There are 2 protein chains.
Amino acid sequence: MRASSVDQIIIETLSKEHAHLTSAQVYEKIRERLPAVNLSTVYRALERLVTSGSVSVSDMGTGSAVYEILADGRHHHLVCQKCGQVLTIEDNEVRELFSKIQENNHFHVLTNHLILFGICAACQKDS
Amino acid sequence: MRASSVDQIIIETLSKEHAHLTSAQVYEKIRERLPAVNLSTVYRALERLVTSGSVSVSDMGTGSAVYEILADGRHHHLVCQKCGQVLTIEDNEVRELFSKIQENNHFHVLTNHLILFGICAACQKDS
DNA sequence: AACCAAAACGCAAATCTTTGCAATTGCAAC
DNA sequence: GTTGCAATTGCAAAGATTTGCGTTTTGGTT
């Protein structure tokens, strides 16, 4: 892989934001520095970064995928299907399962950002 | 929810197939019995069935989501990012994690079909 | 410095999925 | 049976993402 300026700027942007950004949001952000960049170039750069493991992509059920830098501690998310609330859970809650799956199946898990859908505590009470 | 004929036919179709079908494949199949049905109707019916828990949807990284009946024993998949091979793992390997997450976070997990990406044993040897 | 192959890019088109809206249908109460 | 309302549908358009292809850029080699 070559050092693409788009890749670098996306990493810098996502590192500064520390948030889930959609492709469109990433596109807008990096256009401040690369005004002529094309959206498909952003998609391809994001794909490279996800494959290389520096960025995570997740479908949180909002209609478009969201991207996030993976530099700081890994984490995962619980998305409430009723109220849309997003809970964050730490990686150690999940890593154990991944280890077992790796042992049992001789499969090296690369997925680094899990999204689980369900119902949060508050919405469970409501019903 | 009302008894939609499309919902019923999709369930019957997926039950017969016992496979991962794309929305386009579902569309073609049910057109044999409902020739005038619209693709967006199929999408909406699939969404209902997924929400109600009778069908699972997963992005296996093939460009389009795949749908599967959930009637028979639940299972999950490991997708090799090198060769594309799909391994099936049983629900008990995963249910334990879900239980812990439910306890720790008072969150009722509804996700019923997990897709984990990684590298299979064979491809690990190759590299 | 010139050259080459591979990687990245822009653009347009294709593909996949969702959505707004008006029309239709099914179910239940009357 | 008909009336009313909400769920479902078709259609067209919008939105999200991927892809083919010709061009440009990059990094390494001569």
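From a predicted model like this one, the values you see are computed outputs, not experimental measurements. Proteins get letters first, then strands, A, B, ... in listed order; numbering begins at 1 in each.
Look at CG on B:Asp59: it is 11 Å from C1' on D:dT17, rounded to the nearest Å. With rounding to whole Å, A:Gln8 atom CD is found 20 Å from D:dT25 atom P. Atoms CG (B:Leu21) and C1' (C:dC16) sit 16 Å apart, rounded to a whole Å. Put simply, CD on B:Gln25 is 11 Å from P on C:dC16, counting in whole angstrom units. Nucleotide D:dA16 holds its C1' atom 17 Å from the CE atom of A:Met60, rounded to whole Å. At whole-Å resolution of the value, CZ in A:Arg48 and P in D:dT26 are 13 Å apart. Rounded to a whole Å, the CG atom of A:Leu46 is 14 Å from the P atom of D:dA16. Remark: P of D:dG10 and OH of B:Tyr27 are 9 Å apart, rounded to the nearest angstrom.
For the pair B:Leu39 and A:Ser40, nearest-nucleotide mapping onto DNA chain C gives the more 5' position to A:Ser40. Taking the nucleotide of DNA chain D with the nearest heavy atom to each of A:Glu47 and A:Ala24, the more 5' of the two is matched to A:Ala24. For B:Asn38 and B:Gly63, each mapped to the nucleotide of DNA chain D holding its nearest heavy atom, the one lying further toward the 5' end belongs to B:Asn38. Both A:Val37 and B:Arg44 lie close to DNA chain C; mapped to their nearest nucleotides by heavy-atom distance, the more 5′-ward contact belongs to A:Val37.
Within the 4.0 Å cut-off from OP1 or OP2 of C:dT17, at least one side-chain nitrogen or oxygen of B:Tyr43 is found. Between A:Thr41 and C:dA8 there is no side-chain N or O to OP1 or OP2 distance below 4.0 Å. Residue B:Ser23 places at least one side-chain N or O under 4.0 Å from the OP1 or OP2 atom of C:dT17.
Under a 4.0 Å N-O distance rule, the pair B:Glu12/B:Arg33 qualifies as a salt bridge. Ion pair B:Lys100/B:Glu103 not flagged as a salt bridge, since none of the NZ, NE, NH1 or NH2 atoms sits closer than 4.0 Å to an Asp/Glu carboxylate oxygen.
In this structure, a donor-acceptor pair under 3.5 Å is present between the side chains of B:Ser58 and B:His113.
Distance CG/B:Asn104 to NE2/B:His106: 8.5 Å, rounded to 0.5 Å. We find the CD-OG1 distance between B:Gln81 and A:Thr51 to be 6.5 Å, quoted to the nearest 0.5 Å.
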